[in-house]
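Reading through the structure tokens given below for one structure.
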Amino acid sequence: MVKLHRLITVLGGYGARLVGPRPAGETDLRSVAMHDGTEETPATGDVFLAVGVPDPAEAVRLAEAARAAVLVVRTDPETAAELGTVAAGHRIAVLTADPAVSWSQLAEVVYGMVFEGRETESGRGPSDLFALADTVAAAVGAPVTIEDRLCRVISYSSRQHDADPVRHETILGRRVPEAVRELFEKRGVFTHLANSDAPLFVPAAPEHGLRGRMVIAVRAGRELLGSLWVTCDAPLSSTPSRLLCDSAHTVALHLLRSRVSADLERQVESELVIQLLEAGPDPGAVIGKLGLPPGPARVIAVQAHAGGERHAAIMLAFEHATTGFGWSRPGRSALFGAGVYTVLPCGDDPTPAQDWLAELFASLPAHVDATAGIGAPALPAELAASRREAEESLALHSSAPTTPPVCYDESWDRIVLQRLRTAAASGRTPSRGPIADLAGHDAAHGTEYLPTLRAWLLTQGELPSTAQRLDVHPNTVRHRLRRMGEVTALDLDDPQRRLAMMIMLAAADQEAGAPLDNE
């Protein structure tokens, strides 16, 4: 069973678009019916696949006869517009799919979502892809690797006896080595995969430890899902080459099914992570459901921008953060608010969190700008506090995005000052007093009383050090302090007032001088 809004969202990734009236997204979908012109009695189901029905009115009529809540039609844009008009008088959600996507692929996705959604909640992964890799390897008589669009290994055949060093390194590292990837780029391999469905022979490169390869794109309609690689010393003959083409179509169906399963797993995972971020009940049980160890973890908050497409960049970051099934990832993530939040098992040493972020940032396209904050380690019941720390660290990193991501327990002092600046910007600090008086006098008379006070406080009242900071004579500092006492009541002998002035200086607008924490 799946919700209607989930079906619309997932099929949208394959070119399907909603036309006509907008339905209730929480509708439950429990069954699927496919049109069969040879059957006298129409099948019934919540989702109706109008296979081979060219007429819009007839498609809607058949969907009504099937008592369907959703009609899926594979059609061109003009017919799609007509379908929207016809559907306006009916309570049926109409999804029109790109004709480049085959009915077998659409059916695989729909049946997978409606009937197999629950399997992913128990951790079902793409193990069938390994069996498929073994089947293809046996058919072509050579080792096989299945990779995604980013050259990351999805599955591989167990046949290894004639594998080359690059294959071993690719499998161990779960992705193609960078030097080999650059070689493929120079040879035009990725351009070929993006534009052609024909197999391509990639000659050997002994200097890289690479034997020859046959590669073919794995595609759903016009979308490149990944690639299928065969280790061989010469181009495959006609029969194995034809088997490779057929296998690419089969792999595409499996990848679509895996994507649906991953999408459903993300939904379940996100709901559990949000419970932790919001201090929901029984956090220990939630951690167990997520498959994480019960010890300390850190919350990582990430935001991403790509020009004006902030939402698209966040979705891209989330997809990269959740690539692979839960059992193959160190953390668990959720889309929450305006960012991606990840709970990562990590103790006092923040290095695993920093390494995880470095890998995430490196996987994003060059046009995406990302910032992040890392909360302090926390037990499951304290992860809501780690989330707030991550958000404050993120805000600090956003103010200086060219620096490394901010870790709370390494930068708590800067975060305290950031809080004070935020309070000042919201008008929650006093608007009158010594700091305001001196700032006003500097603005009106061109004096440098506020920088002098800042330097004096930082040097704890040592005149020589204060003068050195300001690059003036100590007598100049004495003179300024006397004149400042005439402008406002400084009371520099009062330690509590000195502390209050230092806090005000840290929180104030720093246009008159350098920030207190960086002086």
Side-chain angles (χ1 to χ4, degrees), residues 301 303 305 307-308 310 338 369 371 373 388-389 391-408 410-519:
Q303 286 185 344
H305 306 266
R310 178 173 181 174
D369 297 318
T371 53
R388 291 189 291 271
E389 294 164 352
E391 289 171 342
E392 290 188 299
S393 301
L394 170 63
L396 193 59
H397 189 217
S398 298
S399 65
T402 58
T403 61
V406 174
C407 182
Y408 181 85
E410 293 180 345
S411 305
W412 65 268
D413 53 332
R414 297 166 57 204
I415 291 170
V416 168
L417 295 176
Q418 181 68 23
R419 290 179 185 175
L420 295 172
R421 293 190 183 99
T422 302
S426 64
R428 294 170 62 187
T429 55
S431 59
R432 292 184 290 181
I435 303 302
D437 292 342
L438 293 178
H441 192 278
D442 285 350
H445 302 283
T447 53
E448 297 185 15
Y449 291 165
L450 203 60
T452 300
L453 177 61
R454 182 185 293 106
W456 188 89
L457 290 170
L458 284 171
T459 59
Q460 300 183 34
E462 292 187 1
L463 286 179
S465 299
T466 304
Q468 186 177 4
R469 273 182 175 270
L470 298 171
D471 197 21
V472 299
H473 194 276
N475 287 338
T476 302
V477 177
R478 292 190 182 94
H479 174 71
R480 288 181 184 177
L481 290 172
R482 284 196 300 269
R483 296 300 300 271
M484 289 157 58
E486 296 171 3
V487 172
T488 187
L490 286 176
D491 294 329
L492 294 178
D493 293 332
D494 187 333
Q496 187 167 323
R497 294 213 171 199
R498 291 198 302 270
L499 175 61
M501 285 189 285
M502 291 186 71
I503 292 174
M504 285 291 294
L505 284 169
D509 179 11
Q510 301 299 319
E511 289 182 2
L516 181 63
D517 52 317
N518 294 329
E519 182 116 19

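Starting from 1, each residue takes its place in the sequence as its number.
- When atom types are taken as modelled, the side chain of His445 and the backbone of Thr447 share no donor-acceptor pair closer than 3.5 angstrom.
- When all heavy atoms are compared, the tightest approach of Tyr449 to Leu438 is CB-CD2, 3.9 Å.
- Counting heavy atoms from C-beta outward, Asp491 and Pro434 have side chains that stay 4.5 Å or more apart.
- In terms of heavy atoms, Pro451 sits closest to Leu470 at O-CD2, 3.9 Å.
- Judged purely by distance below 3.5 Å, without hydrogens or angles, the side chains of Thr371 and His397 never pair a donor atom with an acceptor atom.
- With contacts defined as side-chain heavy-atom distances shorter than 4.5 Å, the pair Leu394/Val406 does not qualify.
- Annotation: side chain of Val472 is in contact with side chain of Arg480 (closest heavy-atom distance under 4.5 Å).
- The closest donor-acceptor contact from the side chain of Asp369 to the backbone of His305 lies at 3.5 Å or more, if one exists at all.
- The line from CZ of Arg469 to CD of Glu462 is 11.0 Å long, rounded to the nearest 0.5 Å.
- Closest non-hydrogen pair, Asn475 versus Arg478, comes out as OD1-NH1, 2.7 Å.
- Contact of the Met501 side chain with the Leu490 side chain is registered, since non-hydrogen atoms from C-beta on lie closer than 4.5 Å.
- Of the candidates Leu492, Thr466, Thr476, Leu453, Leu492 is the only one forming a side chain to side chain contact (heavy atoms under 4.5 Å, CB included) with Leu481.
- Annotation: Glu410, atom CD; neighbour count of heavy atoms from other residues, nucleotides and ligands within 6.0 Å is above 12.
- For CG of Asp471, the number of neighbouring non-hydrogen atoms (other residues, nucleotides, ligands) closer than 6.0 Å is 12 at most.
- Around the CZ atom of Arg498, the shell of radius 6.0 Å holds more than 12 heavy atoms that belong to other residues, nucleotides or ligands.
- Minimum interatomic distance between Ala467 and Pro474 (heavy atoms only, all atoms of both residues): CB-N, 3.7 Å.
- Between atom CE of residue Met502 and atom CD of residue Gln460 there is a gap of 8.0 Å, rounded to the nearest 0.5 Å.
- Ser411 places no side-chain N or O within donor-acceptor distance of the main-chain N or O of Tyr408, the cut-off being under 3.5 Å.
- In terms of the salt bridge (charged side-chain N to carboxylate O under 4.0 Å, His left out) criterion, residue partners of Arg483 (sequence neighbours excluded) are, by chain and number, Glu486.
- By the 4.5 Å heavy-atom criterion applied to side chains, Glu392 and Trp412 are not counted as neighbours.
- Taking all atoms of both residues into account, the shortest heavy-atom contact from Cys407 to Ser393 is C-OG, 4.2 Å.
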